[in-house]
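Have a look at the structure that comes next, please.
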Amino acid sequence: MTETAAGLSRLHSVHRDIARVREALARGPRQVRARRKAVQNKEADIAAMREKLVALKKSGDAKNLQLRTNEEKILGLKAKLNQASTNEVFAALRKEIDADTASNAVLEDEILETLDRVDAFSKEIQAALADRDKRSEDADALEKKVAEEKAGLEEDLVALEKRLQQSESIIPSSLQVDYRRLVEHHGANAMAPVEDRVCTSCQTTVSPQQKVQLNMGEFVFCRSCGRLLYRGDDAGA
Ligand SMILES: [Zn+2]
């Protein structure tokens with residue numbers, strides 16, 4: 001391996017290490033945000049469930065009120081029944097009482113059913129609250145872990161940036177502009193090893209002249225993808 005290839009390989013590896021540390025620094029907060037979002041979604045679910053529960057209780061209350069109103073009405077009808085002067089009036093009152101009694105029986109069933117649903121729904125909300133608390137604790141724990149790891153990662157990054165500067169001294173000043181542009185566009189993949197005479201970034205075969213230049217330790221850019229090339233360990237010379 002030429003000195004140029006060794007230097008570029010080192011530089012490439014520092015770039016990749018920096019990308020890895022940066023990704024680790026970004027990943028933690030990203031995961032924390034995702035978990036916080038899940039807690040928020042759960043909160044929204046719970047709020048919607050609570051609204052439904054309120055509506056359900058209201059409908060139960062309305063049915064109860066209707067039941068009591070009907071009961072009073074039936075009492076009134078029964079009082080009238082006792083004072084009925086004719087058979088027709090008596091029969092009509094009897095019919096009305098029977099109808100109201102039947103509709104109250106239906107109402108009572110509905111009220112019981114509503115109570116059951118309120119009970120089941122309350123339990124669902126309790127379970128959702130417990131789930132939200134668990135998710136919230138998980139998010140707190142992850143946030144703490146991410147915060148603890150942050151300082152170490154930042155230290156690694158500072159050390160790597162320093163190593164990058166040193167490793168970049170291999171780039172001749174005449175190629176600095178091209179190199180910067182490549183790094184700006186492709187980040188850690190600004191350079192590519194040539195293996196079996198092929199650019200490992202875009203799989204284009206290097207020209208015979210480029211192969212000679214690489215063997216001589218010259219700086220060569222891929223004809224196709226523009227990456228700064230260097231001989232990989234097993235480059236067929
Ligand atoms: Zn290429």
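As the structure is a prediction and not an experimental result, all values here were calculated from the model. Just so you know, ligand 1 is whichever comes first in the structure, and atom 1 is the first atom listed for that ligand. Basis for what follows: all heavy atoms, side chains included, without hydrogens, waters or symmetry-related copies.
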Test question: given the 4.5 Å side-chain rule for I, L, V, M, F, W and Y, name all other residues clustered with L53, or answer none.
I46, M49, L56, V118, F121, I125, L129
Hydrophobic side-chain clustering at under 4.5 Å (ILVMFWY, transitive links): who's grouped with I171? Put none if nobody.
L8, L11, V14, I18, V21, L25, L153, L157, L160, L164, I170, L175, Y179, L182, V183, M191, F219, F221, L228, Y230
If we count only N and O atoms by modelled type, under 3.5 Å, do the side chains of N70 and N104 hold a donor and an acceptor together?
yes
For the Zn ion (ligand 1), every protein N/O/S atom that sits closer than 2.8 Å, waters excluded
C199 SG, C202 SG, C222 SG, C225 SG
Among residues at least two apart in sequence or on other chains, which ones pass ring pair (Phe, Tyr, Trp, His ring centres under 6.0 Å) with H15?
none
Side chains of N189 and R227: do they bring a donor and an acceptor to under 3.5 Å?
no
From CZ (R135) to CZ (R35), nearest 0.5 Å:
10.0 Å
